[in-house]
> 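The structure's right below; bear with me while I get my questions together.
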Amino acid sequence: MKTWLTRLALLCFLSGQLAAAGKPNLIFILSDDLAQGDLGCYGQKLIATSHLDRMAREGTRYTQGYCGTSVCAPSRTSLMTGLHMGHSPIRANREVQPEGQKPLPAGTVTVAQILKSAGYATACVGKWGMGMFDTTGSPLKHGFDHFFGYNCQRHAHSYFPKYLYRDDQRFDLPGNDGNTKAEGKGATYAQNLIADETLKFVRANREKPFFLYYSITLPHGTFQIDDQGIYRDKPWTEVQKNYAAMVTRLDADVGRLLALLKELNLDDKTLVMLAGDNGSSFDPQSPQGKLFEQASNGLRGFKRGLYEGALRQAALARWPGTVPAGRVSHEPWAFWDFLPTATELAGAKLPAGFKPDGLSLVSFLKGGAAPARDYFYWELHEGASLQAARFGDWKAVKNGLSAKTELYDLKTDAGEKTDLAATKPELVAKAEGIFKSARTEHPDWPLRDRPPGKGKAKK
Ligand SMILES: [Ca+2]
């Protein structure tokens, strides 16, 4: 009897191991403000990104991967929650003093929580921005076993911060000035610790399925770097040199992570996705925008707007043997698809009563067509409330409560130059129907016009 029980226990243990062994590791690398056109594989000529270009060749590159919206906190909330901005609990950056952002509410379903419940080891390394540790928004209360880096977005403006966090414990970085101006300097460039921590996490969890949310802060301003490297002698401004060096450092650190996956023989068990959290931070007319002219990739607009240049991401996926190599896809998808995708890959179940806005991309990632859907929806409340929707190839943008709805045909006009609203009243009516039905009212995010003297007009 005892022998049988022992055998049964062993069988259960082995089948558990097998079930876990069948689950892929998931790494989502989210860069802060990396623009599509910053990368060589999207056409950039001046900034070296050899590792990401290789990642694109070894996997799939997406030209119409959309962020949640075009600033940090709400875009990340969409990635974590599977919700678009019509349902997101966070729909703008809202600062909390002395440190942190408006927290995710208690009870918010997150992708990390779902993966943790499916047996994944989970970590967020880099920047959080959705609530301090003593609030309902702590990453440690939303499915992450481990946190390392900056909690607060403002804190992350210094690359030589006076301290960082390991889980919820603050530790000092002696010799750093914490200055968030360009001249900031110090003994420890925070990204070096953050990159090392990602490698440590992967090594420590190589034997079990893991989810690493690598929320890398580069190349967001303030533009600080410890070494300008190959750009030192370029005839550029210091900001331009620093920006290029930050993108190249991001590239090198992703390269180190990919090399580790290979070394640990995890390549074919690991889906690595990479995206920027919003479009280019540069006005095309700024010195950076002009020099790195590919940054907006011919698209209109940039960060804090809802035109395509603000929403389309540098977006790559790599999983040798599963995600086709060398594929370039022009089909649209969005951040709110990640939660259902990860749920399916992990063989997990959505919590009862929870319905994400996103759709699983598993078949699409493997080379199939993108899932069909009625529309994509975005909003943003920095100044005036902006709304945008895409249905088929039609894109509608409304830059404020009283603004007229603009309409563009992305098939022939990806640069959103010709407003067709006057000639297509039926499509404008359809867009305005989406603007109403796609969103739930939320006391923190009423639709409004630009408060007098506040915010910038969108270009
Ligand atoms: Ca950002």
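Whatever order the structure lists them in is the order used to number ligands and atoms, beginning at 1.
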> When you measure from the Ca ion (ligand 1) to the N, O or S atoms of C72, does any of those distances fall below 3.0 Å?
yes
> Against the six-membered ring of Y42, is R61 placed for a cation-pi contact (under 6.0 Å from the centre, within 45° of the normal)?
yes
> For this output row, return yes or no: ring centroids of Y165 and Y150 closer than 6.0 angstrom.
no
> So, are D277 and R76 salt-bridged, with charged N and O less than 4.0 Å apart?
yes
> Parallel, tilted or perpendicular: which fits the ring planes of F148 and F171, with parallel below 30° and perpendicular above 60°?
tilted
> Please state the angle at the Ca ion (ligand 1) spanned by OD2 of D277 and OD1 of N278: what is it, rounded to 10 degrees?
90°
> Taking the Ca ion (ligand 1) as the reference point, name the nearest N/O/S atom of D33.
OD1
> Check all N, O or S atoms of D32 and name the one closest to the Ca ion (ligand 1).
OD1
